[in-house]
Engineer: 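What follows is a single structure, and I will ask about it in a moment.
Chain letters run A, B, ... following the sequence lines, proteins first and then strands; every chain starts at 1.
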2 protein chains.
Amino acid sequence: MYNALFDHVNRFTNLDEDEQVILASMLKTASYKKKAFLHEAGAICRENYFVVKGCLRLYFIDIKGAEQTTQFAIENWWISDLTSFLFQSQSDFYIQAAEETEVIVVERHLYDHIFEQLPGMEKYFRLIYQKLHQASQIRIKYLYSQTAEERYTNFNSAFPAFVQRVPQYMLASYLGFTPEFLSKIRAKK
Amino acid sequence: MYNALFDHVNRFTNLDEDEQVILASMLKTASYKKKAFLHEAGAICRENYFVVKGCLRLYFIDIKGAEQTTQFAIENWWISDLTSFLFQSQSDFYIQAAEETEVIVVERHLYDHIFEQLPGMEKYFRLIYQKLHQASQIRIKYLYSQTAEERYTNFNSAFPAFVQRVPQYMLASYLGFTPEFLSKIRAKK
DNA sequence: GGAAAATCTTAATGTAGATTAAGAAAGCAG
DNA sequence: CTGCTTTCTTAATCTACATTAAGATTTTCC
């Protein structure tokens with residue numbers, strides 16, 4: 001049931017069978033159809049999601065009504081609106097399934113208990129947040145240094161399978177430009 | 001000598017005196033004049049910096065030769081090029097003192113030892129990276145949703161002291177536009 | 001204190017990507 | 001299979017900010 005997460009944790013630190021039983025008692029699992037919402041703007045984000053299978057995206061609606069995707073999470077990634085999750089504040093973000101998705105869920109009220117009962121999980125999550133922060137540093141550098149076309153070209157080279165996997169309008173919004181402009185870029189190839 | 005960091009750690013988790021002695025043996029301290037480089041592009045970033053006093057910035061030079069500031073760190077913040085630091089890869093970033101600065105330094109070769117000898121530091125760094133990732137999520141949302149003028153106005157309202165503290169060209173580069181445009185925005189007030 | 005360097009300001013001109021509008025193609029549901 | 005919805009494409013026009021250029025002001029250093 002939670003093997004995907006246990007396997008992932010065991011890549012970074014050791015979680016024995018007793019600990020897995022304890023952790024399992026603090027998790028739940030859920031499945032979502034494509035385009036289903038795990039969380040909606042205006043609500044408080046009470047859950048942190050680990051993707052077992054599928055793809056989630058974090059996006060908000062800007063002042064002009066356009067969707068701006070700020071993050072994707074595919075298998076073995078975590079995603080939530082972290083500020084809302086940690087501080088139980090109202091969220092501006094949506095979390096939506098970009099395709100049929102299975103997740104393992106950590107609820108906010110159990111999040112701190114995980115660390116109390118399983119101190120080893122501190123290392124796992126330190127490494128996860130380290131990785132997420134790394135990814136953000138790189139992301140911001142690309143946003144600042146590359147044209148829209150370069151961002152598409154480089155992303156396509158680095159993650160060709162992912163580009164095939166999600167709709168183009170989601171990809172465009174993640175890379176920071178309009179779907180119309182993405183069509184224009186692609187028409188040049 | 002390292003009290004600023006011990007105090008900071010003790011805000012999040014408990015570090016007793018024995019542990020402080022152990023941690024101290026793995027740290028060093030340094031001071032930099034305004035505009036001094038702690039790290040330069042092309043080198044490998046071998047240090048992670050905790051700001052005791054002052055302000056550091058992380059920036060790169062883009063293809064047109066302009067500086068793009070991606071992060072600042074003031075008192076009680078950590079800063080490094082995390083990918084270069086963790087993987088010992090060549091860095092595109094500079095870390096520079098935006099003003100006279102004192103730091104506490106963790107060197108890469110001691111980084112993992114800190115966690116081995118002081119498991120309690122896992123929690124501290126998990127919380128630090130959590131906070132850094134939160135800040136990045138918020139940062140990316142602002143870059144996507146606000147005009148340049150809005151970014152300046154909101155940043156000025158949120159951090160008026162900081163805006164006075166750093167040169168305007170650094171602020172403009174952090175907020176994602178040219179110093180000329182910042183002058184134009186300010187001239188409207 | 002004076003000269004040089006760094007920073008800030010101003011304005012005209014240029015441009016990467018957005019906006020607007022609408023048709024074509026693909027996907028979905030009954 | 002058909003009608004409806006969603007996604008993708010195309011192109012003209014617009015715009016937020018960049019670029020270029022240079023002068024004014026402030027800061028730094030000897």
Engineer: Tell me, which of residues 154-166 of chain B have any heavy atom that sits under 4.0 Å from an atom in DNA chain C?
Structural biologist: none
Engineer: Check which hydrophobic residues are tied to A/I138 through side-chain heavy-atom contacts below 4.5 Å, counting indirect links as well, and list them.
Structural biologist: A/Y142
Engineer: Taking the side chain from B/R126 and the backbone from A/K123, do they hold a donor-acceptor pair closer than 3.5 Å?
Structural biologist: no
Engineer: Output the rounded distance in Å from CG (B/L182) to P (D/dA16).
Structural biologist: 18 Å
Engineer: Hey, is the main chain of B/E150 close enough, under 3.5 Å, to the side chain of B/N154 for a donor-acceptor pair?
Structural biologist: yes
Engineer: Working to the nearest 0.5 angstrom, can you tell me the gap between A/T83 OG1 and B/Q134 CD?
Structural biologist: 4.0 Å
Engineer: Measure from the ring center of A/F72 to the ring center of A/F162 and say whether it is less than 6.0 Å.
Structural biologist: yes
Engineer: Without decimals, in angstroms, what is the distance between B/Q168 CD and C/dT7 P?
Structural biologist: 11 Å
Engineer: I'd like to know if the side chain of B/Y49 reaches the main chain of B/L56, judged simply by a donor and an acceptor atom lying under 3.5 Å from each other, with no hydrogens or angles considered.
Structural biologist: no
Engineer: Should A/K188 be listed as having a side-chain N or O under 4.0 Å from OP1 or OP2 of D/dT10?
Structural biologist: no
Engineer: When the distance from CZ of B/R186 to P of C/dT7 is rounded to whole Å, what number comes out?
Structural biologist: 15 Å
Engineer: List the steps, then state whether side chain to side chain contact (heavy atoms under 4.5 Å, CB included) holds for B/R165 with B/F159.
Structural biologist: CA-CA 10 Å; B/R165 193 169 169 181; B/F159 308 107; over 6 Å; no
Engineer: Could you give all pairs that pass the side chain to side chain donor-acceptor pair (under 3.5 Å) test and reach residues 1-20 of chain B, with sequence neighbours left out?
Structural biologist: B/H8-B/Y124
Engineer: Between B/W78 and B/F125 (judged by ring centroids, cut-off 6.0 Å), do the two rings come close enough to count as a pair?
Structural biologist: yes
Engineer: Give every residue pair that meets the ring-ring contact (aromatic ring centres under 6.0 Å, His included) criterion with at least one member in residues 22-43 of chain B, sequence neighbours excluded.
Structural biologist: B/F37-B/Y94
Engineer: Give the angle between the helix axes at the two ends of the helix from C/dG1-D/dC30 to C/dG30-D/dC1, taking five base pairs at each end and rounding to 10°.
Structural biologist: 60°
Engineer: From NZ of B/K33 over to P of D/dT28, roughly how many Å is that when rounded to an integer?
Structural biologist: 12 Å
Engineer: Between A/D62 (CG) and D/dA16 (P), how many Å, whole number?
Structural biologist: 14 Å
Engineer: Whole Å only: how far is the CD atom of B/E100 from the P atom of D/dT27?
Structural biologist: 17 Å
Engineer: Test A/F85 against A/D81 for side chain to side chain contact (heavy atoms under 4.5 Å, CB included), laying out the working first.
Structural biologist: CA-CA 6 Å; A/F85 178 76; A/D81 174 357; 6.0 Å; no
Engineer: Generate the contact string for nucleotides 11-30 of chain C. Rules: B means base contact, S means sugar-phosphate contact only, - means no protein heavy atom under 4.0 Å.
Structural biologist: ------BSBBB---------
